[in-house]
Chemist: 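I'd like to ask you about the structure that follows.
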Amino acid sequence: DVVQYFLQLLDKDKDLSSGIAAIRTLLMILEKKQFGTIHILHTTMREAVAAMRNTDLSIAAIVSAGELFCRFITLSLDDKHMEECRQIMLHRGKIFLNKLQNSRQVIAQQAQRFISDGCRILTHSRSRVVLKALITASQNKKSFHVYVTQGGTGNPGEEMVRDLHSAGIDCTLILDSATGYMMESVDFVMVGAEAVVESGGIINRIGSYTMGLCAREMKKPFYVLAESFKFTRLYPLNQRDLPDEYKYSRKHLNDVSKVHPLVDYTPPVYITLLFTDLGILTPSAVSDELIKLYM
């Protein structure tokens with residue numbers, strides 16, 4: 001069962017992102033099933049991604065990772081026997097997965113020259129890639145203080161604080177509503193993202209947009225750390241443009257009038273730089289990278 005395998009991966013490894021779990025699930029299908037044609041393979045992969053989207057996890061990374069994986073493995077397969085194609089796709093899929101599994105480390109290293117001794121950092125909720133960057137900086141003997149917002153429903157910021165404490169990093173948990181109050185005291189903002197859209201903006205935990213607004217008003221750099229499999233072909237112009245399935249859990253989709261969204265959209269104008277495994281990008285460079293990824 002596709003969904004069961006997908007959820008088991010996430011249950012076994014709490015540090016695994018839903019996007020990587022989706023790619024590993026698709027790779028498992030490619031290994032275990034036989035396909036008569038490329039069309040049947042595409043159909044099966046689309047059905048698998050649709051099944052994973054029906055879980056209560058954030059779908060942004062699942063959708064973008066699934067699209068990129070399928071695109072990468074099926075490039076230039078004309079005039080080949082189906083079994084030969086399958087072996088080529090398996091080889092490509094493993095290369096693709098291995099590259100992405102190392103992406104957090106690559107991003108963490110890129111962020112090091114921006115984290116200096118004595119700096120004060122504001123981050124929102126819990127982000128695995130931000131956590132990796134901060135732990136790497138601490139291991140490099142840098143001393144700094146991190147302010148972590150609670151992050152809305154479930155208070156994932158509390159888990160982030162526990163992780164930082166375990167790594168010996170000074171940190172303080174603050175209310176989401178204290179973002180404006182704390183902004184004048186920090187040197188920069190560093191957040192993760194659930195998706196990076198075509199404009200260079202991001203979809204992330206609710207409250208990220210508010211943080212971006214405050215950072216711009218107080219002239220503080222707003223840095224985003226995100227893996228390239230989170231680059232997605234969406235072009236929202238405002239919060240209403242985000243599809244409801246991105247903003248709300250599955251159980252609330254029939255009536256969203258009485259629930260608040262889980263994510264919001266931060267436009268590129270509020271973002272200083274994006275740190276990705278493709279390099280350090282300005283928001284305006286994201287569309288070029290998306291074109292390269294999907295060519």
Side-chain angles (χ1 to χ4, degrees), residues 1-35 40-74 86-108 125-133 135 151 153-154 156 158-160 162-163 166 192-196 203-205 225-232 245-246 248-251 262-263 276-277 293:
D1 181 79
V2 170
V3 173
Q4 184 179 359
Y5 183 85
F6 172 66
L7 294 175
Q8 281 176 349
L9 287 175
L10 292 169
D11 190 51
K12 286 178 185 175
D13 185 356
K14 300 297 183 185
D15 204 37
L16 189 67
S17 77
S18 58
I20 294 293
I23 290 170
R24 286 174 61 178
T25 303
L26 295 175
L27 197 56
M28 178 274 292
I29 294 170
L30 193 56
E31 287 177 334
K32 297 200 172 184
K33 283 184 70 72
Q34 297 293 324
F35 304 95
I40 293 172
L41 182 145
H42 272 300
T43 301
T44 305
M45 292 295 183
R46 281 197 298 268
E47 288 171 352
V49 171
M52 289 184 279
R53 286 173 69 154
N54 282 327
T55 61
D56 251 344
L57 296 162
S58 168
I59 73 162
I62 296 171
V63 172
S64 57
E67 283 187 5
L68 282 170
F69 177 80
C70 292
R71 179 66 182 157
F72 183 77
I73 66 170
T74 55
R86 196 174 77 88
Q87 292 304 319
I88 292 170
M89 288 187 285
L90 273 172
H91 178 66
R92 288 178 179 176
K94 289 172 182 175
I95 291 172
F96 187 69
L97 179 61
N98 289 336
K99 179 177 179 290
L100 292 182
Q101 284 177 328
N102 192 44
S103 57
R104 267 187 218 156
Q105 182 60 41
V106 172
I107 296 167
S125 186
R126 184 177 188 270
S127 163
R128 297 179 186 91
V129 67
V130 170
L131 178 64
K132 179 70 174 175
I135 290 175
T153 306
E158 293 180 2
E159 186 180 354
M160 181 74 164
R162 286 194 296 271
D163 291 336
S166 297
E194 294 192 12
V196 180
I203 300 169
N204 198 38
R205 189 82 176 190
L225 278 59
E227 303 95 323
S228 60
F229 67 79
K230 293 180 178 177
F231 284 29
T232 189
E245 60 181 350
Y246 281 71
Y248 304 100
S249 63
R250 302 293 303 177
K251 62 185 177 183
L262 300 174
V263 300
T276 78
D277 47 302
L293 284 171

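Note: hydrogens, waters and symmetry copies are ignored here, and every other heavy atom, side chains too, is used.
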Chemist: Could you tell me which non-hydrogen atom of V130 sits nearest to which non-hydrogen atom of G192, and how far apart they are?
Modeler: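 Closest heavy-atom pair between V130 and G192: CG2-N, 3.6 Å.
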
Chemist: Let me confirm one number: the OG-CZ distance from S17 to F229, rounded to the nearest 0.5 Å.
Modeler: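 So the OG of S17 and the CZ of F229 are separated by 3.5 Å.
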
Chemist: How close do S64 and A61 get, heavy atom to heavy atom, and via which atoms?
Modeler: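 Heavy-atom minimum between the residues: OG-O, 3.3 Å.
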
Chemist: How long is the span from the CZ atom in R128 to the CD1 atom in I107, to the nearest 0.5 Å?
Modeler: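 With rounding to 0.5 Å, CZ (R128) is 13.0 Å from CD1 (I107).
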
Chemist: My understanding is that only residues two or more places apart in sequence, or in another chain, count here; which of them pass ring-ring contact (aromatic ring centres under 6.0 Å, His included) with F72?
Modeler: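 Expected list: F96.
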
Chemist: List the atom pairs, donor and acceptor, that lie under 3.5 Å between side-chain atoms in residues 22-32 and the rest of the protein, sequence neighbours left out.
Modeler:
from : atom 1 : to  : atom 2 : distance (Å)
T25  : OG1    : A21 : O      : 2.8

Chemist: Measuring from atom OG of S18 to atom CG of L7, what distance do you get when rounded to the nearest 0.5 angstrom?
Modeler: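 If we round to the nearest 0.5 Å, S18:OG and L7:CG are 11.0 Å apart.
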
Chemist: Look up atom OG1 in T55 and atom CG in L10, then write down how far apart they are to the nearest 0.5 Å.
Modeler: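 Interatomic distance, T55 OG1 to L10 CG, rounded to 0.5 Å: 8.0 Å.
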
Chemist: With a 4.5 Å limit on heavy-atom distance, are the side chains of R250 and E245 in contact?
Modeler: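 R250 vs E245: side chains touch.
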
Chemist: So do I95 and R92 actually touch side chain to side chain, heavy atoms under 4.5 Å?
Modeler: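 Not in contact.
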
Chemist: In Å and rounded to the nearest 0.5 Å, what is the CZ to CD1 distance from F6 to I62?
Modeler: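 Nearest 0.5 Å value for the CZ-CD1 distance: 3.5 Å.
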
Chemist: Could you list the residues that satisfy side chain to side chain contact (heavy atoms under 4.5 Å, CB included) with D13, not counting sequence neighbours?
Modeler: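 Scan of D13 (side chain to side chain contact (heavy atoms under 4.5 Å, CB included), adjacent residues dropped) gives D15, L16.
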
Chemist: Could I get the full list of side chain to side chain contact (heavy atoms under 4.5 Å, CB included) partners for D1, not counting sequence neighbours?
Modeler: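 Testing D1 for side chain to side chain contact (heavy atoms under 4.5 Å, CB included), a comparison that skips the adjacent residues, returns V3, Q4.
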
Chemist: Just wondering, do E227 and L100 contact through their side chains at under 4.5 Å, heavy atoms?
Modeler: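 The answer is no; the side chains never approach within 4.5 Å.
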
Chemist: Would you confirm whether T276, through its side chain, and A226, through its main-chain N or O, come within 3.5 Å as a donor-acceptor pair?
Modeler: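 No, the answer is negative, given that no donor and acceptor are paired below the 3.5 Å cut-off.
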
Chemist: Would you name the heavy atoms of P156 and S125 that are closest together and state the gap between them?
Modeler: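 Looks like CG-OG, 3.0 Å.
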
Chemist: To the nearest 0.5 angstrom, please state how far the NZ atom of K132 sits from the CG atom of D163.
Modeler: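 If I round to the nearest 0.5 Å, the distance is 12.5 Å.
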
Chemist: Any heavy-atom pair between the side chains of E194 and T232 that's under 4.5 Å?
Modeler: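 Counting from C-beta outward, T232 and E194 never come under 4.5 Å.
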
Chemist: Return the minimal non-hydrogen interatomic distance between I203 and Y246, and the atom names on each side.
Modeler: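 It is CD1-CD2, 4.1 Å.
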
Chemist: State which residues pass side-chain hydrogen bond (donor to acceptor under 3.5 Å, both in side chains) with S228; sequence neighbours excluded, sorted by chain then number.
Modeler: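 So S228 forms a side-chain hydrogen bond (donor to acceptor under 3.5 Å, both in side chains) with D277.
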
Chemist: Please find the pair of heavy atoms, one from F69 and one from G93, that lie closest to each other, and give the distance.
Modeler: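 Looking at all heavy atoms of both residues, the shortest contact is CE1-CA, 3.6 Å.
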
Chemist: Would the distance check show the side chain of R205 and the main-chain N or O of G151 forming a donor-acceptor pair, the cut-off being under 3.5 Å?
Modeler: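 Side chain of R205 to backbone of G151, a donor-acceptor pair under 3.5 Å: yes, one is there.
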
Chemist: Do any side-chain atoms of residues 42-52 form donor-acceptor pairs under 3.5 angstrom with protein atoms, and if so which ones, sequence neighbours left out?
Modeler:
from : atom 1 : to  : atom 2 : distance (Å)
T43  : OG1    : H39 : O      : 2.9
T44  : OG1    : I40 : O      : 2.8

Chemist: Are any non-hydrogen side-chain atoms of Q101 and I20 less than 4.5 angstrom apart?
Modeler: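 Yes. Closest side-chain heavy atoms under 4.5 Å.
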
